[in-house]
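Order of appearance sets the numbers: ligands from 1, and atoms from 1 within every ligand. Because the structure is predicted, anything quoted here is derived from the model rather than measured.
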Amino acid sequence: MSPPTPPLARQLRDATRDAHRSLDHHPALQCLLAPTLTREAYGASLLALYPAHAALESRVCREITRLGLRLRVPRRLPRLADDLGTLGLTPEALASEAGPTPASPATLAGELYVLEGSRLGGQMIADRLRRTLGPGVPHAFFSLAMVPGEWSRRLAELEALCPPGQREAAVAGAREAFARFHHQLDTHFRA
Ligand code: HEM
């Protein structure tokens, strides 16, 4: 039996449900689930995902180091670059942004929730891609599935990062991470 969902995780899920729905309805992501998806449209979607994911992943990893935390986060950007390369595409050079202000451990908990939570729908997307584009389609980015217990362990780590009095800061971090991701897709998606 899986452990009960920690209070912070419940709060984050409730507070970001609408942001998730709005993001997974974004044309850059919706097209991935469509039976009419073409290889070209898949490429356009990955090209938009590249800067969005890069900004979130690099921010989280940089802040983990800066705060001296012992958290391990798998890097998925190289997988995304490989998938693009297999499709014959090169991502745009990443803008070196000054970025948001330094994170507190609580804010970081919210951002890490968004980064790692984005792996949860990946397997379903990978299955769909294989069905619409065939078994040879490159989908390493979406295929880094969670091993059993991994998500629960991650949620326990988030809980440990964020004292109960700072949960609002974690929620703000998660909301901002969703909003920045959405903005990146808006900016970079060329249908
Ligand atoms: C078409 C795109 C997407 C689909 C179909 C999708 C689907 C899903 C699904 C099915 C879950 C629940 C999995 C489970 O309970 O086991 C989930 C959870 C989650 N996803 Fe997505 N997702 C998508 C995109 C994203 C993106 C781009 C992000 C963030 C950048 C994201 C962040 C999250 C988070 C944080 C959770 C955890 C929610 C919770 O606390 O239970 N998702 N997604």
Under the criterion salt bridge (charged side-chain N to carboxylate O under 4.0 Å, His left out), I'd like the reasoning laid out for R153 against E150: C-alpha separation, chi angles, the key distance, then a yes or no. CA-CA 5 Å; R153 284 194 295 278; E150 190 177 353; 5.6 Å; no
Let me see the working for R180 and E111 under salt bridge (charged side-chain N to carboxylate O under 4.0 Å, His left out), right down to the final yes or no. CA-CA 11 Å; R180 285 195 297 269; E111 295 175 356; 3.5 Å; yes
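Scanning the protein for heavy atoms near atom 3 (C) of ligand 1, the closest one is D24 CB, 3.7 Å. Remark: minimum distance from atom 1 (C) of ligand 1 to any protein heavy atom is reached at L29 CB, 3.7 Å. Of the protein's non-hydrogen atoms, L120 CB, 3.7 Å is the one closest to atom 13 (C) of ligand 1. If you check which protein heavy atom lies closest to atom 19 (C) of ligand 1, you get G117 O, 3.4 Å. The protein atom (non-hydrogen) at minimum distance from atom 7 (C) of ligand 1 is G121 CA, 3.6 Å. S118 CB, 3.4 Å is the protein heavy atom nearest to atom 29 (C) of ligand 1. At the shortest separation from atom 41 (O) of ligand 1 among protein heavy atoms lies R13 NE, 3.0 Å.
Heavy atoms of Y113 found under 4.0 angstrom from ligand 1 belong to the backbone as well as the side chain. When heavy-atom distances to ligand 1 are checked against a 4.0 Å cut-off, L23 comes that close only through its side chain, counted from C-beta outward. Heavy atoms of I125 found under 4.0 angstrom from ligand 1 belong exclusively to the side chain.
Counting heavy atoms from C-beta outward, L37 and L129 have side chains that approach closer than 4.5 Å. Here the side chains of H53 and L115 are in contact, with some heavy-atom distance below 4.5 Å. Looking at heavy atoms from C-beta onward, E63 lies out of side-chain contact with L71 at the 4.5 angstrom threshold.
In summary, the atoms of ligand 1 found under 4.0 Å from a heavy atom of V114, numbered by their order in the structure, are 29 (C), 30 (C), 35 (C).
In this structure, atom 31 (C) of ligand 1 has protein heavy atoms in its sub-4.0 angstrom surroundings. Protein heavy atoms all stay at least 4.0 Å away from atom 15 (O) of ligand 1.
The pair E57-R79 fails the salt-bridge criterion, with no side-chain N (NZ, NE, NH1 or NH2) lying under 4.0 Å from an Asp/Glu carboxylate O.
Among H20, H188, H182, H183, the single residue meeting the ring pair (Phe, Tyr, Trp, His ring centres under 6.0 Å) criterion with H26 is H182. Between V114 and the choices L23, T16, V60, L56, the side chain to side chain contact (heavy atoms under 4.5 Å, CB included) rule is met once, by L56.
The nearest non-hydrogen atom to atom 33 (C) of ligand 1, considering only R119, E116, H20, comes from H20.
Distances from ligand 1 to the non-hydrogen atoms of L32 include no value under 4.0 Å.
Side-chain contact check for S143 and H139: at least one donor-acceptor pair (N or O, by modelled atom type) lies under 3.5 Å.
Annotation: the span from L80 atom CG to F142 atom CZ amounts to 7.5 Å, rounded to 0.5 Å.
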